[in-house]
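See structure below.
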There are 2 protein chains.
Amino acid sequence: MNIVETKYYKINEPILLESGKEIKEVVVAYETYGSLNEAGDNAILLLHALTGDAHAAGYHKGDTKPGWWNDMVGSGKAFDTDKFFVICSNMLGGCKGTTGPSSINPETNREYGLSFPVFTIEDVVKVQKKLIDFLGVKKLTVAGGSMGGMQALEWALAHDCMVDNVIFIASTPRLSAQGIAFNAVGRNAILSDPNFNNGNYYDKERPEKGLAIARMVGHITYLSEEAMHNKFARRFQDKETPNFDFGIDFEVESYLAHQGQTFVDRFDANSYLYITKAVDYFDIAQKYGSLEKAFYNTNARYLVISFSSDWLFPSCQSKELVNALMRNKKDVSYCEIQSPCGHDAFLLEFETQTRIIKSFLCNNKT
Amino acid sequence: MNIVETKYYKINEPILLESGKEIKEVVVAYETYGSLNEAGDNAILLLHALTGDAHAAGYHKGDTKPGWWNDMVGSGKAFDTDKFFVICSNMLGGCKGTTGPSSINPETNREYGLSFPVFTIEDVVKVQKKLIDFLGVKKLTVAGGSMGGMQALEWALAHDCMVDNVIFIASTPRLSAQGIAFNAVGRNAILSDPNFNNGNYYDKERPEKGLAIARMVGHITYLSEEAMHNKFARRFQDKETPNFDFGIDFEVESYLAHQGQTFVDRFDANSYLYITKAVDYFDIAQKYGSLEKAFYNTNARYLVISFSSDWLFPSCQSKELVNALMRNKKDVSYCEIQSPCGHDAFLLEFETQTRIIKSFLCNNKT
C-alpha cells in the first residue's frame, strides 16, 4: 500500500485575477507520485473535477480508501509513476488545503466567505503554474476529466511552450446553456438556505440542506439514464410497496439523499458557488474569437476522450474541439468510449482509458 | 374571442383511494367546449400535465391569455369543438379549483396541508370518471401530454368499455429512475424550505424559494439542450461581460429565475409534492405484471406521439408502449415528431400534432 502525504506550497507573491482583483496569499495543497527527471520534462499534471482534491492516488496514513484516480496512477498504470512524475494539486478556491473561501483571510483573521474574489479557470491555472515552476518542471503533460479537461485546455493555450501533451476527458471547451442552468439551480439552493447567511456560516450551522440539494442535482447529471436504471430501476427502498408519504420511497431517492449527506460532510458550500461559477465562465471560443483561432498557435499533442452516455458534456462537444484542432492541422487523437456510466465514466472506466492513455503517452514526441 | 367559464361539480360521495384512505368531499373544477350529442359519444377528455388546470381553451372574462391548449381546441382545430364535446378538469390534488391540499378540510375547517391523503394516477382518474358520468358522457376519447398521457392510459385500462380512443403524447408508461430522481430533488427543495412548516403555511409566508427551485429543476428537463442553446446560448443578461459575483450573469439564469418566480405566484407547494408523487408511482407494467399483459383486454385505438428531443420522456419509452400494444394486436399509430423543443414540444408543436390528431380522430371507428 502506497502511503502518500499532501504537501503545501505557499506562493510568495499576490495573484492578479482575471476579474482585476488580487489574492494576497495563496497556499497550494498538492501531492506528487514518482520522480522528476533531471531534465524536468517527465511531469504529468492531473487536474481534478468539481469536487476533487490533491489526493489523486495512494493512501493517506490510516485511510482505507485511496485517492480519486488511484486506478489510473501508479507503477504500470495509465499515468505510470515508474516513468512519470505525477502531480496533483487542489484547485484555487477549493476546500481541501488550497486557499479558498473557507481559508482565513490574513487581513481580517476570519474566513474569506463571499469576500473571496470570484476566479476563473485561467486563474486556477495561473496558481498551478506557480506550483509547477516551484517543483522545477520544465515540460509537462496535462490531464483531466470534466472540469479538469477545461484546465488542461487552458494550460495548453496559456503555456504552450511547456505543454507537450493534453489529455482531455469527458469535458467541453465551453459549458452549454443547460450546464449553466444546472449549476445555477445548485447555487440557488445554497443561496436560498437560511443558514447560508451571506456566506458567513463557518462558526454556525452550515447551509447543509442547500448544498445537499445542489449535490443531488449535480449527481443526476453525472449518471446516465441507463446507469440509473441499471442501478435502481424502480425498486422501492427495503420494501415492496409504496409508503404513500413524502419520506424516501424508491432506492434512487435513498441514494441521492445519501450522496447529498456525505457531500456536505466533505465540501464547503462557498467553494461550490465559486467553482461552479468558474466552470460557467469557461469559454475558449469566446476568449479567442473562435475555437479554431484558439488553437492556431499551440503545439501540444491532444488526446480527446468522451463517453457515449455522457449527457452533461456530450461527445458532440468533444468533437467540436477535435474539429477545431484538425482544422488547425494539430496532432489530435479522439476516442468515444462506449459506456453506460454517463459523465462519471471517467472515474469508472479504467481499463479502456488506461489502454488509450498509455498508448498516447508512449508515442510522446519528446 | 371565446369567453369560457370554469364550472364546479361536487361529488356527493366519498372517494376511496388506492392507499386505502378516503376523501370525504371532492369538488372538481372543469370546463367544457362544444356540445355533447344525444348519444353521449362525442366527448374528448383532455388530461393536463403536472401544473396544468381545467382552463384548456378560450378566454376567461377579462383575460388576455387563453387556456393552455387553446391552439389545439376549438372550431376546426385538432380537438374540433364543431364535432366534439371537449372536457378538461383540474386533477385531484391540484390547486386550481379541484380539491387538493390547499382546500379546506370540512372536518377541521382548515386547509388539509399534509393531512391530505397521498393519491395515485388511478385515483385521479377515479375522480374524473365521476365528472364524466355526471356530464352524461357514454363514450369518449382521452388525450393528454406528459402526465396527461399517464392518465389517458389509466383511463383505457380502468374504463375500457367507455374509451374509444387514447391519445398519448410525450408521456411514458412508467417514470424512469432519472425521472423519480428529478422529482425527488424538487420535493426535497420544498421540504427543506423553512417556510414549509410541515405543510402548514397557508396563513404564513409560503415556501417560495423551495418551490421556485423545484420549478427550475423541472424546467430544465422540459427543454432540450438544443432548445436552450437556441434560446440563450451563452449570452450574458443585458451586458457583454461577466459580473464576477453570484447574481444573475447569463440569460438562461434570468430565464430560470423568472420561471421560478412566476410559478410560485400560481402554484401551491403542497400540490407539487402530491402530484409529483403520483407521477413517481405510476407504473402500468408493475400493476399488471407486464406492459404487454396490461393491454390484453383493452379495445381502444391508440395514437402515441413522442418528440425527438424529449429527454424527460424519451421516444424509447413511447416505443415500449407501442410494442406492447402491437404484441397484443391492438390498433395503434405511432409518430415521433422531429422537434428541437424537448418535452415542452407538446405545448408548442401545434401544426404537426393537429395534422396527426385530426387524421386519427377522423378515422374513428365509432
Check your understanding: In terms of heavy-atom contacts, does NZ of A/K209 have more than 12 from other residues, nucleotides or ligands at under 6.0 Å?
Key ->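 Atom NZ in A/K209 is not packed in, count stays at 12 or less.
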Check your understanding: Is it the case that more than 12 heavy atoms not belonging to B/E22 sit under 6.0 Å from its CD atom?
Key ->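 For B/E22, atom CD is crowded (more than 12 foreign heavy atoms under 6.0 Å).
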Heavy-atom pairs under 4.5 Å with chain B - which of [options] has more of them than the others?
{"options": "A/W311, A/F236, A/F250, A/F246", "answer": "A/F246"}
{"options": "A/L114, A/D193, A/N188, A/I180", "answer": "A/I180"}
{"options": "A/R234, A/E225, A/Q178", "answer": "A/R234"}
{"options": "A/I220, A/V185, A/N243, A/V252", "answer": "A/I220"}
{"options": "A/E251, A/K231, A/M216, A/K277", "answer": "A/K277"}
{"options": "A/R187, A/H229, A/Q286, A/R235", "answer": "A/R187"}

Segment of [X] engaging chain B (4.5 angstrom heavy-atom cut-off):
{"X": "A/Y274", "result": "both"}
{"X": "A/L256", "result": "side chain"}
{"X": "A/P314", "result": "side chain"}
{"X": "A/P242", "result": "both"}
{"X": "A/F244", "result": "both"}
{"X": "A/I248", "result": "neither"}
{"X": "A/D245", "result": "backbone"}
{"X": "A/V118", "result": "both"}

Practice item. Classify the angle between the aromatic ring planes of B/Y255 and B/H219 as parallel (below 30°), tilted (30 to 60°) or perpendicular (above 60°). Key: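 Answer is perpendicular, since the angle exceeds 60°.
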Of the backbone (N, CA, C, O) and the side chain (C-beta and beyond), which part of [X] lies under 4.5 Å from a heavy atom of chain A, both, or neither?
{"X": "B/L17", "answer": "neither"}
{"X": "B/F119", "answer": "neither"}
{"X": "B/A233", "answer": "backbone"}
{"X": "B/T241", "answer": "neither"}
{"X": "B/Y281", "answer": "both"}

Check your understanding: When you measure from the side chain of B/S171 to the backbone N and O of B/S146, does any donor-acceptor pair fall under 3.5 Å?
Key ->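 Side chain of B/S171 to backbone of B/S146: a pair is present.
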**Study point:** Backbone N/O of B/E336 and side chain of B/S315: donor-acceptor pair under 3.5 Å
**Key:**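 No, B/S315 side chain to B/E336 backbone: no donor-acceptor pair under 3.5 Å.
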Can you tell me how far apart [atom1] ([X]) and [atom2] ([Y]) are? Round to the nearest 0.5 Å.
{"X": "A/D265", "Y": "A/E208", "atom1": "CG", "atom2": "CD", "value": "6.5 Å"}
{"X": "A/D344", "Y": "A/S224", "atom1": "CG", "atom2": "OG", "value": "9.5 Å"}
{"X": "A/D310", "Y": "A/C341", "atom1": "CG", "atom2": "SG", "value": "11.0 Å"}

Review point. With B/N270, which of B/F116, B/Y201, B/Y112 fulfils side chain to side chain contact (heavy atoms under 4.5 Å, CB included)?
Key: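 One option only clears the test, and that one is B/Y201.
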Check your understanding: B/R174: what forms a side-chain hydrogen bond (donor to acceptor under 3.5 Å, both in side chains) with it, not counting sequence neighbours?
Key ->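 Per chain and number, B/R174 pairs via side-chain hydrogen bond (donor to acceptor under 3.5 Å, both in side chains) with B/E320.
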Review point. Closest heavy-atom contact between A/F313 and A/A170?
Key: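 Of all heavy-atom pairs spanning A/F313 and A/A170, the closest is CD1-O, 3.1 Å.
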Check your understanding: What heavy-atom pair brings B/D268 and B/P101 nearest, and what distance separates the two atoms?
Key ->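 Heavy atoms of B/D268 and B/P101 come nearest at OD2-CG, 4.2 Å.
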Practice item. Name the option with the most non-hydrogen atom pairs under 4.5 Å to chain A; the candidates are B/L223, B/N183, B/L175. Key: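 The answer is B/L175.
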